[in-house]
Amino acid sequence: MIAKTIAGSDFEGALTYGAGQRQGRSKEPGDAILLVVSNVIPGSPKEMAQDMQAVAARSKRVQKPVWHTVLSWKAGEIVSQAQKVAAAKRYCELMGAPIDRHQVVVYEHRDKQHAHVHIYLNRVPIDGGPALRTDNNFYRQPAVTRQISQELGMDPLPERRRSLKALDPTKEAARQRVSQVLAQLLQQPDRGGEQWLALQLHQLAIEIRYTHDKGGVLRGVSFATEGVALRGQEVGYKGAQLREALAAPVKPAMEPAVERKARPEVSTTLPQPAPPERTKQARRKGHR
């Protein structure tokens with residue numbers, strides 16, 4: 001499995017393409033199937049786009065709120081619809097946009113020889129938290145797709161544009177091991193902070209080195225194991241990504257269902273009502 005991601009600003013254009021309704025490039029019935037709708041009222045691409053744009057408008061800083069990812073499997077690999085749904089949801093979670101906090105729409109396309117799905121998510125979460133970051137996707141996504149492939153029993157595709165150093169089998173084995181260990185540790189419910197992570201890695205013969213700025217904020221990270229040095233970006237985590245991963249709440253991993261179903265079924269999650277705002281209480285005057 002591989003992932004290719006672009007960011008944009010046009011929800012309607014993106015969802016219209018996902019639904020196979022783009023003018024001049026329309027798909028045949030059955031070529032575009034709606035698989036997942038989360039925190040969006042199901043409807044036409046235009047209606048869902050308006051809903052997503054309304055949430056994106058809450059953030060004045062995010063200029064490109066549309067996150068569009070294509071998850072692709074190799075030609076000839078048999079992937080059930082349940083596995084496609086599970087892979088799409090798990091991808092969102094591992095990239096930092098779990099479907100209970102973000103608006104997500106997923107379409108399956110059947111116009112190619114290989115299985116693939118189009119994931120459209122709103123970078124601005126519904127709870128008002130920080131927007132999903134887009135930097136360093138090139139390094140993060142291979143680690144994420146490898147993990148999903150392993151969890152769901154799928155065949156990983158060879159990575160593209162690898163450097164000559166990455167072709168070193170010793171370094172590649174070390175990189176994969178560190179990446180897998182990090183992914184497992186960062187999903188533990190009793191996860192701690194930087195010192196905890198360093199201790200856990202040390203017990204597994206993996207050393208980690210943190211780089212902080214003058215304010216004590218984690219900015220960089222590197223690893224070493226069995227004489228192989230690795231940068232954070234080589235295992236899918238730069239300093240900023242690791243800092244966010246350590247601070248983020250841990251969500252239980254989704255258990256995929258792999259049974260085939262006779263008819264397509266849309267997985268839908270509707271938005272929950274926002275909790276009432278707390279009113280400021282008047283300060284009590286102290287006794288003199």
Side-chain angles (χ1 to χ4, degrees), residues 2-72 81 84-112 116-138 140-141 144-145 244 264-274:
I2 60 172
K4 182 179 180 181
T5 298
I6 59 173
S9 58
D10 183 7
F11 280 106
E12 184 175 350
L15 293 180
T16 298
Y17 174 80
Q21 300 176 10
R22 179 173 292 183
Q23 186 174 4
R25 301 181 63 181
S26 59
K27 301 183 184 298
E28 296 295 328
D31 279 347
I33 300 172
L34 183 62
L35 291 185
V36 178
V37 179
S38 176
N39 294 311
V40 180
I41 299 175
S44 68
K46 183 176 182 179
E47 292 169 336
M48 292 191 292
Q50 290 174 342
D51 193 355
M52 297 176 82
Q53 186 59 51
V55 172
R58 300 174 185 173
S59 174
K60 296 181 180 180
R61 299 182 58 184
V62 179
Q63 301 300 315
K64 292 184 177 182
V66 183
W67 178 298
H68 176 197
T69 292
V70 182
L71 283 184
S72 300
Q81 194 170 86
K84 294 171 186 174
V85 170
K89 291 181 176 180
R90 191 71 170 122
Y91 170 84
C92 293
E93 179 182 12
L94 292 176
M95 292 302 292
I99 65 170
D100 61 340
R101 293 187 60 239
H102 287 257
Q103 293 176 309
V104 181
V105 177
V106 180
Y107 286 97
E108 174 190 1
H109 282 191
R110 296 181 175 179
D111 57 340
K112 304 290 184 182
H116 62 290
V117 298
H118 290 255
I119 303 172
Y120 301 94
L121 62 86
N122 193 341
R123 292 178 55 211
V124 179
I126 61 174
D127 59 9
L132 180 64
R133 299 173 64 108
T134 59
D135 57 329
N136 207 30
N137 280 344
F138 174 78
R140 294 177 63 200
Q141 291 190 140
V144 166
T145 53
E244 292 178 358
E265 184 172 311
V266 178
S267 174
T268 306
T269 305
L270 294 179
Q272 300 296 320

When rounded to the nearest 0.5 angstrom, what is the spacing between [atom1] in [X] and [atom2] in [Y]?
X: D100; Y: E93; atom1: CG; atom2: CD; answer: 8.5 Å
X: H118; Y: L34; atom1: NE2; atom2: CG; answer: 13.0 Å
X: I2; Y: T145; atom1: CD1; atom2: OG1; answer: 8.0 Å
X: L15; Y: E47; atom1: CG; atom2: CD; answer: 11.5 Å
X: Q81; Y: I33; atom1: CD; atom2: CD1; answer: 6.0 Å
X: Q50; Y: I41; atom1: CD; atom2: CD1; answer: 11.5 Å

Using atom types as modelled and distance alone, determine if a side-chain donor or acceptor of Q21 lies under 3.5 Å from a backbone N or O of G18. no
Residues at least two apart in sequence or cross-chain that pass side-chain hydrogen bond (donor to acceptor under 3.5 Å, both in side chains) with D10, listed by chain then number, are none
Residues in ring-ring contact (aromatic ring centres under 6.0 Å, His included) contact with Y120, at least two apart in sequence or another chain: H68
Under the rule for side chain to side chain contact (heavy atoms under 4.5 Å, CB included), what residues qualify as partners of [X], not counting sequence neighbours?
X: V104; value: S38, C92, I99, H102, V106, I119, L121
X: R133; value: D135, A240, Q241, E244
X: Q141; value: A3, T5, W67, T69, Y91, M95, N137
X: K112; value: H114, H116

Name all pairs fulfilling the side chain to side chain donor-acceptor pair (under 3.5 Å) condition that reach into residues 121-130, sequence neighbours left out, sorted by first residue then second. R101-D127, Q103-N122
NZ/NE/NH1/NH2 to OD/OE distance under 4.0 Å, E12 and K46: no
If you compare all heavy atoms of [X] against all heavy atoms of [Y], which two are closest, and at what distance to 0.1 Å?
X: S59; Y: V124; result: CB-CG2, 3.9 Å
X: V37; Y: P42; result: CG1-CG, 4.1 Å
X: V55; Y: P125; result: CG1-O, 4.1 Å

What's the verdict on side chain to side chain contact (heavy atoms under 4.5 Å, CB included) for D31 and H109, showing C-alpha distance, side-chain angles and the deciding distance? CA-CA 5 Å; D31 279 347; H109 282 191; over 6 Å; no
Do the non-hydrogen side-chain atoms of F11 and P65 ever get within less than 4.5 Å of each other? yes
Under a 4.5 Å cut-off applied to non-hydrogen side-chain atoms, are V105 and V36 in contact? no
